[in-house]
Structure formats: structure tokens, C-alpha cells
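Quick notes on the structure that follows.
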Amino acid sequence: VTLSALAQATSRIRIGSMVNGIVYRHPAVTANMASALDIVSNGRLDLGLGAGWNQRECQAYGIELGTLKERFDRFEESVQCIAALMRDQSVTLAGKYFTLTDARNEPKGPQRPHPPIVIGGGGEKRTLRIAAKYAQHWNFPGGRADDFRRKLDVLHGHCADIGRDPAEITTSTHLLMWPDKTVDDVARQAEVYASTGLDVGIVYLEAPVSPSVID
């Protein structure tokens, strides 16, 4: 493979950040990091955001995780801050957890209004409502296709409540090629999910991965 062919091929690949638990960074720091990565990747960043969950890791680092309600209150406020900083010229926001005063995030990345925000999870009261309000991509963490369809209906209901077109939100889930699954098995999984309205299947391969499996 020539370097020019490799560059051309990789230029079409999206860069999906792993779900960033907002508990680990101030949202302004995350927004600045995301904009920088969007610039260096020439507009290929998908920004995954989550409320955080790893109690053991937070205890090890001396980070306060908080109750489930506190976690999601802070998460929603953080997503609001990040989206605004990546979109607007300046942001002033006085929240319970974060305060921004004429805050700026420059230079911004090439994607407008900002890199797609990916929110994953199936919580019907908070997660899906936050996704309906802020996300451009919702990831169903896995399960049966009929469970996905039911959660998708809930997401659409939240969109209707705020007057948003649900077609603006890409949907995805994980297609597992293990244990003992073949390419045909994964293709069948994809067909079932596609029939329920899924947009994107993310295939997980079991290590070690051989070139023949990737082909």
C-alpha cells in the first residue's frame, strides 16, 4: 500500500472518541481538547460523552463520583457547556456545578455547529432525554433488537416533547463477533437491527484478529 493510498483511505475514517466520563475533566477542558482533535483530524471527530460510573477508579484518584442523580445532573450541565463552547463565540452560563463567564474556545474545529456528540445508554428518564436534547448520535449499548426498538420509541417521544426531528440523530449498536460467531452471524445481526431502524453497526472482533477476519 502506497502512502498516498493509505492517506486517502484513512481520510474517510471517522475518529470516535471513547465515552468520556465527564467526572474526570472540567467541560471547558473537554471542549478545548475536542476542538483541537477535530482540527488535527480534519473534521472527523465524533465526541462520546457519558456521566461516569467507575466508583473504584474515582476512589483511587480521589474524584467524587456522586449519587446517580448528582451524576446525571452534572452530566447534563456538562454536555450543555461543551456543546455551547464548541458552537458559540462566547459562553456565559451559571449552573449548579459549572460556571462560565464570557468563556471562549478558539480555534474551533471545522465541523459545524460542532463535532457530533455521541451519547450512549438506555436510561429512559434521563439518558434518552439528554440524548434527544443534545446528541447527534445515540448508541444503544447492546441487547435484543426488540429492546432497541422500544428504546428508540422512547427517544423519539423525548424528541417530540422538545420539537426535534429524530432523523437528526444517528443510531448505533454493537455487533459482537464472539464467541464462536462468523461473519454471516454478524451480517444476520445487522439485518435484524436494520429492520428495526438502526443506522450503524459497530463490529467488535475478538483478539487476536487475523487479516482474513478483517477481510
Side-chain angles (χ1 to χ4, degrees), residues 14-39 41 43-54 58 63-141 151-152 154-172:
R14 300 291 300 176
I15 297 175
S17 69
M18 296 178 66
V19 174
N20 293 275
I22 56 89
V23 67
Y24 298 112
R25 299 181 187 88
H26 191 285
V29 175
T30 300
N32 277 268
M33 293 172 67
S35 293
L37 185 53
D38 199 39
I39 291 169
S41 68
R44 291 184 288 135
L45 174 67
D46 291 343
L47 178 61
L49 298 173
W53 58 271
N54 196 323
C58 286
I63 295 172
E64 172 120 14
L65 183 59
T67 66
L68 190 62
K69 182 182 184 306
E70 290 169 340
R71 205 179 311 166
F72 275 89
D73 288 345
R74 186 174 56 212
F75 174 52
E76 183 166 8
E77 198 172 296
S78 182
V79 175
Q80 182 183 2
C81 291
I82 292 167
L85 284 165
M86 293 192 300
R87 179 189 62 232
D88 300 336
Q89 184 175 3
S90 66
V91 180
T92 296
L93 185 150
K96 180 178 179 180
Y97 295 95
F98 305 107
T99 299
L100 303 176
T101 304
D102 193 24
R104 297 172 184 269
N105 170 32
E106 298 294 343
K108 292 178 170 55
Q111 296 188 86
R112 291 290 182 264
H114 51 68
I117 291 174
V118 185
I119 292 177
E124 298 182 9
K125 293 182 179 180
R126 297 297 304 269
T127 303
L128 293 178
R129 182 173 61 78
I130 294 170
K133 191 172 182 180
Y134 295 105
Q136 287 71 54
H137 182 152
W138 167 60
N139 176 258
F140 176 62
K151 299 288 186 181
L152 184 62
V154 174
L155 177 66
H156 287 184
H158 287 306
C159 287
D161 291 340
I162 62 174
R164 185 178 183 190
D165 183 357
E168 296 175 359
I169 304 175
T170 298
T171 60
S172 68

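Atom set for the values below is all heavy atoms of this structure, side chains included, hydrogens, waters and symmetry mates excluded.
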Here the gap from F140 atom CZ to L155 atom CG, rounded to the nearest 0.5 Å, amounts to 12.0 Å
Worksheet item: Distance from S78 atom OG to I130 atom CD1, nearest 0.5 Å?
Response: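 That separation rounds to 10.5 Å.
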Shortest non-hydrogen contact from [X] toward [Y]:
X    : Y    : result
Y97  : D73  : CE1-CB, 3.9 Å
L85  : A28  : CD1-CA, 3.6 Å
W138 : I169 : N-CG2, 3.7 Å
Q136 : I117 : OE1-N, 2.8 Å

Taking the side chain as every heavy atom from C-beta outward, state whether [X] and [Y] have any atom pair closer than 4.5 Å.
X    : Y    : result
T30  : I22  : no
F72  : T127 : yes
Q111 : M86  : no
H114 : L47  : no
C58  : V23  : yes

Those residues at least two apart in sequence (or on a different chain) that pass ring pair (Phe, Tyr, Trp, His ring centres under 6.0 Å) with F98 are H26
Just jot down the salt bridge (charged side-chain N to carboxylate O under 4.0 Å, His left out) partners of [X], sequence neighbours excluded, or say none.
X    : value
R87  : none
K96  : none
E70  : none
D165 : none

So, D102 and T92: side-chain donor and acceptor under 3.5 Å apart, yes or no?
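No pair is found: no donor N or O on one side chain lies under 3.5 Å from an acceptor on the other.
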message = If you count heavy atoms of other groups shown closer than 6.0 angstrom to CD of Q89, is the number above 12?
response =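 Count not over threshold, so no.
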By side-chain contact (heavy atoms from CB on, under 4.5 Å), D161 pairs with (sequence neighbours left out) H158
Side-chain donor or acceptor of R164 paired with backbone N/O of A132 under 3.5 Å: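 Between the backbone of A132 and the side chain of R164 there is a qualifying donor-acceptor contact (under 3.5 Å).
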